[in-house]
Amino acid sequence: MITIRFPDGSNREFPKGITGWEIAKTISTSLAKEAVAVRVGEQLWDLTRPIDCDTPFEVIKRTSDAGLDILRHDTAHVFAEAVKELYPETQITIGPSIQDGFFYDLFREESFTPDDLKHIEERMHEIVNRDEPLTREVWDRQTAIDFFKSQGEFFKAEIITDLPAGDEVTIYRQGNFVDLCRGPHLPSTGKLGHAFKLMKIAGAYWRGDHNNPVLQRVYGTAWSTEKDLQDYLTRLEEAEKRDHRRLGKEMNLFHMQEEAVGSVFWHPKGWALYRILENYIRDKITAEDYVEVKTPQLLDSSLWEASGHWEKFGENMFVVKEEDKTLALKPMSCPCHIQIFRQGIKSYRDLPLRMAEFGACMRNEASGALHGLTRVRSMVQDDGHIFCREDQVKEETRKFCLLLLNVYHELGFEDLTIKFSDRPAVRAGSDEVWDKAETQLEAGARASGLSYTLNPGEGAFYGPKLEFILKDAIGRDWQCGTLQLDFVLPERLDATYIGEDGKKHRPVMLHRAIFGSLERFIAVFIEHYAGKFPLWAAPVQAVIATVTQEGDAYAEKVYQDLRAAGLRVELDTRNEKISYKIRELSLQKIPYIMVVGKKEAEEGTVSLRKLGGEAQETLALHAVIDKLRKEAIPPHKR
RNA sequence: GCCGUCGUAGCUCAGUGGUAGAGCACACCCUUGGUAAGGGUGAGGUCGAGAGUUCAAUCCUCUCCGACGGCACCA
């Protein structure tokens, strides 16, 4: 007999060699039905694998995270089996589970088409219906390698060859399909169910290296129930509706075109939003004793050579030849800020010196990297550099973190994660300097009450950094804010200050941004609010819409009064029915519609309708002005 | 940059080896209508660019440009 310990702490005895599934059945049939695997000690095991010794034990249900993971992995196997049945010449490589589903990387001369995916998906459903048992086998390594080679599966053979020497080579068999896999898997394909769907085909390099062959990657989604699948597909649709590229067009905020790839044409409403956010952040940093500067965009290559950018990022810089000179458009503002710092002699009394710029930067991003406003070639950073002494790093870090948290909070973002990236393998500066830098940056982050995850080895070559990551509506993470410690640039560009001792010292430089780029942040802002901006940030805060021409004169007065009160309003006196105007203005996501007709003109009122609501309230004109003015106060002035 | 898909009216999209169509938007007319689409008429396109095949190309082939989805990249 063996003793099985359950998660609630209870123990029970079972005969040696009992399977996890059998144990689950003794608890309840519904649990056994929900079970996809079991946890035996630290490991996840197949339901059908015999258990030989005393162990902590837990049933993994299909709805749990670990369970879903197994389901998705199983779906990948069923996918691979279907592919091998339909297109036997295909080599299969890896097929892991990922967020919301799985992917499988395939090698085949011919491209898979969307039609092929349909056929594969149909075959997958058939395989599920066949209810093929999955069995686990432990193979000798060389046997496995030879087997896969004999099957023409050279990628698989390579994977096995590269497995760590001590690892067991386990094989899973389902029907005629044999695959290398760590497991665990469901007892049979029938248990998988039908809540999966193949989504798209993409290219991916073998082992993620662009020197390797390109494989065809098929993405699929898989869930424990068909309802979950449906919900997921609905979520995708909803996310698409708030895609900033779509809303940018629909709301007439901006556009992009062939002649300016990677750059933005801001339309009046988009530019209004841009200026509102720029001015907001300007207010915030001014209150924190930043000084704002503006530096050149076109600079001689000698400066970039001195700063190290030429060597390290030259490929991403736009270069301009001018007679005997070589100039480059700035990809970032830091070297320029050091030039300002270097003007005149700085004293330790001048530190910390917080220098900010809305810096227009150009980076020659790879064409495939461009994406709406989130990845552009021409952008404006809410850049800033804090020049300080080493002993001021902690306090400056703390201050910045608090400012950033406050800004994100005021703008409505609460879902924030932080990564602390420490020294990379290739770096400048001594270990002693890095020790100090990491310790202080960490201490500063701690002092602000932030929790963060470690991102080992991902720091910049000149110093460790904090990355602030927002989650957008589609669930994508966006790195917006950043704080980077830099001991190298001040050295390279020879920034000094005079210390208390009367001698020259090197300042430390903190590179920092809250939005990152205005463009990217606006994209995130649009998606976060699905275009329904808070009143203070809405480009057009209200539209006065007339019912008939009888209301025109009064509507004009309302319009002028609202404008005089500092509100961004428009007047809609078109010859259209009021319901038509309401529909159109609602689709434009105008926060308030003010309906003005004969009745309102006589009473000196407006009928106010809030976006998303159906109820209206009729208020005196002055009351409406008060109400909107109050609501339109930016968060930092409340 | 790489792999794949796509590019037709301002927008969303249909379509065909014999030089094109819908809905919305736009213009004009009728309508003055009270909270998510009133009606009529009209204008609008070198079918992304270039080359090739063909009697004939928006459609087939190739090259280029761009967009989209991934991959790689993201100081």
Side-chain angles (χ1 to χ4, degrees), chain A residues 103 105-107 110-114 116-117 199-219 240 243 245-246 249-250 252 255-262 304 307-317 331-332 334 361 363-372 374-377 424 458-463 465 467 478-479 482 484 486 488-489 511 516-517 520 545-552 573-588 593-600 607-616 618:
Chain A
F103 69 74
D105 282 352
L106 309 166
F107 181 81
E110 215 177 319
S111 295
F112 286 102
T113 65
D116 295 338
L117 288 198
M199 303 297 284
K200 56 198 174 194
I201 315 169
Y205 301 106
W206 167 237
R207 300 197 149 166
D209 185 335
H210 66 273
N211 298 310
N212 286 341
V214 176
L215 306 173
Q216 299 186 62
R217 176 172 294 180
V218 176
Y219 283 89
E240 214 172 291
D243 187 305
R245 293 166 300 182
R246 176 177 171 148
K249 193 180 281 177
E250 286 176 2
N252 196 11
H255 87 271
M256 298 170 107
Q257 66 184 51
E258 282 193 32
E259 292 81 355
V261 173
W304 302 114
S307 70
H309 287 88
W310 198 254
E311 186 201 353
K312 200 150 195 294
F313 317 116
E315 278 196 4
N316 286 324
M317 289 167 67
M332 50 182 63
C334 27
C361 298
R363 299 176 185 182
N364 195 359
E365 301 283 4
S367 58
L370 301 174
H371 181 96
T374 61
R375 195 77 182 273
V376 290
R377 287 185 175 147
E458 291 295 313
F461 75 95
Y462 48 72
K465 61 184 179 185
E467 289 176 355
W478 289 109
Q479 192 218 308
T482 181
Q484 309 177 0
D486 183 359
V488 174
L489 264 193
H511 306 242
S517 90
R520 172 179 291 192
T546 51
V547 179
T548 68
Q549 281 178 332
E550 278 181 307
D552 284 5
T573 54
R574 289 174 304 168
N575 175 17
E576 296 291 352
K577 292 180 76 163
I578 188 63
S579 53
Y580 177 90
K581 293 184 185 179
I582 296 220
R583 175 181 155 80
E584 194 170 79
L585 296 169
S586 299
L587 290 173
Q588 282 292 304
I593 300 171
M594 298 180 181
V595 176
V596 163
K598 195 175 166 191
K599 196 174 62 170
E600 287 79 4
S607 162
L608 196 64
R609 181 192 167 109
K610 191 168 184 162
L611 177 62
E614 282 178 22
Q616 308 99 47
T618 303

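Chain letters run A, B, ... following the sequence lines, proteins first, then strands; residues in each count from 1. Scope of the values below: all heavy atoms of this structure, side chains included, with no hydrogens, waters or symmetry mates.
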[atom1] atom, [N] versus [M]: distance in rounded Å?
N: B:rG23; M: B:rA37; atom1: C1'; answer: 12 Å
N: B:rG21; M: B:rU61; atom1: P; answer: 25 Å
N: B:rA75; M: B:rU12; atom1: C1'; answer: 40 Å
N: B:rU41; M: B:rG1; atom1: P; answer: 50 Å
N: B:rU63; M: B:rU53; atom1: C1'; answer: 15 Å
N: B:rG50; M: B:rG10; atom1: C1'; answer: 26 Å
N: B:rC26; M: B:rA20; atom1: P; answer: 27 Å
N: B:rG40; M: B:rG69; atom1: C1'; answer: 44 Å

Tell me whether the OP1 or OP2 atom of [N] has a side-chain N or O from [X] closer than 4.0 Å.
X: A:Ser111; N: B:rG4; result: yes
X: A:His511; N: B:rA75; result: no
X: A:Arg245; N: B:rG69; result: yes
X: A:Tyr580; N: B:rA25; result: yes

[X] near the nucleic acid: base, sugar-phosphate alone, or nothing, with a heavy-atom cut-off under 4.0 Å?
X: A:Arg217; value: sugar-phosphate
X: A:Pro331; value: base
X: A:Ala460; value: sugar-phosphate
X: A:Ala204; value: sugar-phosphate
X: A:Met199; value: nothing
X: A:Leu215; value: nothing
X: A:Ile578; value: sugar-phosphate
X: A:Glu600; value: base
X: A:Val214; value: sugar-phosphate

With distance as the sole criterion, do the side chain of [X] and the base of [N] form a donor-acceptor contact below 3.5 Å?
X: A:Tyr205; N: B:rG70; result: no
X: A:Arg207; N: B:rC71; result: no
X: A:Thr113; N: B:rU5; result: no
X: A:Asn575; N: B:rG33; result: yes

| Are any side-chain N or O atoms of A:Glu576 and backbone N or O atoms of A:Val547, one a donor and one an acceptor, separated by less than 3.5 Å? | no
| message | Please verify the inter-ring angle class for A:His210 with A:Tyr205; under 30° counts as parallel, over 60° as perpendicular, anything in between as tilted. | response | perpendicular
In whole angstrom, give the distance that lies between atom [atom1] of [X] and atom [atom2] of [N].
X: A:Glu110; N: B:rC3; atom1: CD; atom2: P; result: 17 Å
X: A:Phe112; N: B:rC71; atom1: CZ; atom2: C1'; result: 17 Å
X: A:Tyr219; N: B:rC3; atom1: OH; atom2: C1'; result: 12 Å

| task | Working to the nearest 0.5 Å, report the span between CD1 of A:Ile578 and CD1 of A:Ile593. | result | 7.5 Å
| message | If you assign A:Gly208 and A:Lys465 each to the RNA chain B nucleotide with the nearest heavy atom, which residue ends up on the more 5' nucleotide? | response | A:Gly208
| task | Between A:Tyr462 and A:Lys200, just flag the one whose closest nucleotide in RNA chain B comes earlier from the 5' side. | result | A:Lys200
| query | Closest to the A:Lys249 side chain: B:rC71, B:rA36, B:rC11? | reply | B:rC11
| message | From C-beta outward on A:Asn316, which listed nucleotide comes closest to its side chain: B:rC71, B:rA75, B:rU32? | response | B:rA75
Protein-nucleic acid N or O pairs under 3.5 Å, nucleotides 62-66 of chain B:
from   : atom 1 : to       : atom 2 : distance (Å)
B:rC65 : O2'    : A:Glu258 : OE1    : 3.2

| query | With the threshold set at 4.0 Å, does a side-chain nitrogen-carboxylate oxygen contact exist between A:Arg245 and A:Asp243? | reply | yes
